[in-house]
Amino acid sequence: MMTCYGVLLLLIVVDINGVWSISREEDLELERQLKILNKPGVKTIKTDNGEIFNCVDIHKQPSLDHPLLKNHKVQMKFNHPPKSVKEKESPSVLGKGIGCPIGTVPIRRTQKEDLIRAQSAKLYANALSLSKYYGIQSDFNVYNPTLSSPEQSSTALIYVAGGLDEAKCDISVGWTVYEPRYGDNKTHLFTYWTADNGATTGCYDLLCPGFIITHPHRTLGLTLPTSTYHGAQAGIQLSISKDQFTDHWWLLVDGQELGYWPKQLFGIFRVARELYWGGEVFSPSQPLPPMGSGHFPEEGEGAACYMRKLKYQYEDGGIFVDVERHGISRLADNPKCYEAGPLTDSGLGQTFFFGGPGGQC
């Protein structure tokens, strides 16, 4: 029996179906997709984690092959990015002193197995309706929960969505541990987008054309540093914000512009009606995997996983402001195994702890 649980404004169901076997026709189609996604680069980088990236001309990156992006002009900079973000330049996560040449961006090399795995998973969400919003932000505490099965996943994410039913658009970003997608049990930066509630459009990371990379040293799918229980803590700030002049949705990592989802992908998705902060897990069977650090919120700082400085934009082109507690609902759909703590402000911004050990739930 498939099981998935979430916390804090989050109820996500992941449906995995089918087996990882393909026909000759499907294999030929995958080869065609690989030729599109793996553009030749002027430089190849292999990280200490074994990930391979091609440095591709920013104006010839795979996402520009999307039929809706024909003749799209890459927007190199966010017009008047929102305030209330970290303003320090982050070091290259490709390796110390390693980056792509000017005019190129790092694209994670896609393997055939990546495409097969991507076909096996779809993301759906049951949502709560909020008001009009133009951005979301949070500081993430990053962990590497230990999963008992390669088919399981554990994720922390923020999420914006708009539209209704089959026309529902959404964008999710966060960190995840999911071996079927990345080929290892490490913690990765991930994104997901769809323009029709996952029916025919969208994908994770760069497994289909869509997201435009603009940063020369960061990209999607990268392995992230992680925290140690009662030890050193690792974190990352993630923001989604709409450019009021172009209507593109931008992803900022530690305050730096990583890239954007062009407005052409989404039709009339110009405002978000739903915002989420929280965690999710997936497992095809019991026992269920841990969420966050694998410990309940009451253990607090250094033990339980948190999201901090929860902010949103309620004006187009406006600044990020702290969320208001009276406008936030809390959800933990299996409190025996996972819980979401209360939203509090201890002087470090609006914060909540979440997660749990999983197990027989």
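Only this structure's heavy atoms are used, side chains among them; waters, hydrogens and symmetry mates stay out. In what follows, residues are counted from 1 in the order of the sequence shown. It should be emphasised that the depicted structure is a prediction, and the values quoted were computed from it without experimental measurement.
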*Side-chain touch Y314/V321, heavy atoms, less than 4.5 angstrom*: yes
*Please name the pair of heavy atoms, one in G221 and one in D205, separated by the smallest distance, quoted to 0.1 Å.*
CA-OD2, 4.0 Å
*To the nearest 0.5 Å, how far apart are NZ in K242 and CZ in F266?*
12.5 Å
*asked:* Tell me if a side-chain donor or acceptor on K43 pairs with a main-chain N or O of G99 at a distance below 3.5 Å.
replied: yes
*Do T194 side-chain atoms and D170 backbone N/O form a donor-acceptor pair below 3.5 Å?*
no
*Take atom CD1 in I268; do more than 12 heavy atoms of anything else shown fall under 6.0 Å from it?*
no
*Report yes if some heavy atom in the side chain of L147 is under 4.5 Å from a heavy atom in the side chain of P290; otherwise report no.*
yes
_In the structure I gave you, are the side-chain heavy atoms of T191 and W261 within less than 4.5 Å of one another anywhere?_
yes
*If every non-hydrogen atom of L157 is compared with every non-hydrogen atom of M307, which pair is closest and at what distance?*
O-CE, 3.4 Å
*Under a 4.0 Å N-O cut-off, is there an ion pair linking K168 with E274?*
yes
*Could you walk me through whether E51 and T223 pass the side chain to side chain donor-acceptor pair (under 3.5 Å) test, one step at a time?*
CA-CA 8 Å; E51 299 159 310; T223 302; 2.9 Å; yes
*asked:* Apply side chain to side chain contact (heavy atoms under 4.5 Å, CB included) to residues F320 and S239 and explain how you reach the verdict.
replied: CA-CA 10 Å; F320 276 109; S239 313; 4.2 Å; yes
*Is D345 reaching over with its side chain to a backbone N or O of G347, donor-acceptor style, under 3.5 angstrom?*
yes
*Is there a path from V160 to V271 through hydrophobic residues (I, L, V, M, F, W, Y) whose side chains come within less than 4.5 Å of each other?*
no
*Keeping the roles fixed (side chain from D243, backbone from D247), state whether a donor-acceptor pair exists under 3.5 Å.*
no
*Do I107 and M76 sit in the same hydrophobic cluster, where Ile, Leu, Val, Met, Phe, Trp and Tyr count as joined when their side-chain heavy atoms come under 4.5 Å apart?*
yes
_ring pair (Phe, Tyr, Trp, His ring centres under 6.0 Å) between Y312 and Y133, worked out_ = CA-CA 7 Å; Y312 51 51; Y133 295 98; 4.8 Å; yes
*asked:* So, taking the atom named OG1 in T226 and the one named CD1 in I236, what distance separates them when rounded to the nearest 0.5 Å?
replied: 12.0 Å
*Candidates F211, W193, F269 - the one meeting ring pair (Phe, Tyr, Trp, His ring centres under 6.0 Å) with W249*: F269
*Would D65 and S63 count as having a side-chain donor-acceptor pair, cut-off 3.5 Å?*
no
*asked:* Does either side chain, that of T104 or that of D57, offer a donor lying less than 3.5 Å from an acceptor on the other one?
replied: no
*Any chance the rings of F352 and W277 have centres within less than 6.0 Å?*
no
*asked:* Tell me whether L64 shares a hydrophobic cluster with L258, the cluster being built from Ile, Leu, Val, Met, Phe, Trp, Tyr side chains joined at under 4.5 Å.
replied: yes
*Does some side-chain heavy atom of T201 sit less than 4.5 Å from a side-chain heavy atom of L265?*
no
*Calculate, to the nearest 0.5 Å, the distance between atoms CG and CD1 belonging to L69 and I212 respectively.*
5.5 Å
*Are the side chains of P101 and V42 in touch, meaning some heavy atoms are under 4.5 Å apart?*
yes
*asked:* Set out, in order, the CA-CA distance, both residues' side-chain angles and the distance that settles side chain to side chain donor-acceptor pair (under 3.5 Å) for Q152 and S283, then state yes or no.
replied: CA-CA 5 Å; Q152 295 179 333; S283 181; 3.0 Å; yes
_Point-to-point distance, once rounded to the nearest 0.5 Å, from OG1 of T47 to CZ of R108_ = 9.0 Å
*asked:* Assess, by modelled atom type and distance only, whether the side chains of N144 and T187 contain a donor and an acceptor separated by less than 3.5 Å.
replied: yes
*Student check: side-chain heavy atoms of P209 and P62 closer than 4.5 Å*: no
*For side chain to side chain contact (heavy atoms under 4.5 Å, CB included), just list the numbers for Q244 and E315, CA-CA rounded to whole Å, side-chain angles, deciding distance to a tenth of an Å, and then say yes or no.*
CA-CA 10 Å; Q244 65 173 319; E315 293 182 356; over 6 Å; no
*Can you list the residues that meet the ring-ring contact (aromatic ring centres under 6.0 Å, His included) rule with H72, with sequence neighbours excluded?*
H248, Y260
*Indicate, with yes or no, if L68 and V74 share a hydrophobic cluster defined by side-chain heavy-atom contacts under 4.5 Å among Ile, Leu, Val, Met, Phe, Trp and Tyr.*
no
_Non-hydrogen atoms of N141 and S227 that approach each other most closely_ = ND2-OG, 3.2 Å
_Expected output: side-chain S154 to main-chain P145 donor-acceptor under 3.5 Å_ = no
*Have E280 and Y338 got a donor and an acceptor in their side chains that come within less than 3.5 Å?*
no
*Classify the ring geometry between Y182 and H188 as parallel (under 30°), tilted (30 to 60°) or perpendicular (over 60°).*
parallel
*Taking the six-membered ring of Y204, is the NZ or CZ of R181 close enough (under 6.0 Å from the centre) and on axis enough (within 45°)?*
yes
_Steps toward side chain to side chain contact (heavy atoms under 4.5 Å, CB included) verdict (L238, L189)_ = CA-CA 10 Å; L238 298 176; L189 172 67; 3.9 Å; yes
*Over all atoms of both residues, closest heavy-atom pair of E339 and A332*: OE1-CB, 3.2 Å
*Given D139, which of Q237, K311, R308 fulfils the side-chain hydrogen bond (donor to acceptor under 3.5 Å, both in side chains) condition?*
Q237
_For a quick check under 3.5 Å, do Q350 and T344 share a side-chain donor-acceptor pair by atom type?_
no
_Would you say that K132 contacts R273 through its side chain, given a criterion of any heavy-atom pair below 4.5 Å between the two side chains?_
yes
_Heavy-atom side-chain proximity of C337 to P357 below 4.5 angstrom_ = no
*Donor-acceptor pair, Q233 side chain versus G231 backbone, under 3.5 Å?*
yes
_Connected via hydrophobic side-chain network under 4.5 Å: F354 and Y306_ = no
*asked:* Using 30° and 60° as the class boundaries, would you call the ring planes of F78 and W250 parallel, tilted or perpendicular?
replied: parallel
*asked:* Show the nearest heavy-atom pair for residues I213 and I58, with the distance to one decimal.
replied: O-CG1, 3.7 Å
_Between Q313 and S241, is there a side-chain donor-acceptor contact under 3.5 Å, judged purely by atom types and distance?_
yes
*Of the non-hydrogen atoms in W175 and C305, which two are nearest, and what is the gap between them?*
CZ2-SG, 4.1 Å
*Interatomic spacing from OG1 in T176 to CZ in F190 - rounded to 0.5 Å*: 6.0 Å
*Which is it for S153 and V177 under the side chain to side chain contact (heavy atoms under 4.5 Å, CB included) test, yes or no, and what are the steps along the way?*
CA-CA 6 Å; S153 69; V177 180; over 6 Å; no
_Under a 3.5 Å cutoff, is there a donor and acceptor pairing between the side chains of T246 and Q75?_
yes
_Rounded distance [0.5 Å steps], CZ in F140 versus CG in D254_ = 11.5 Å
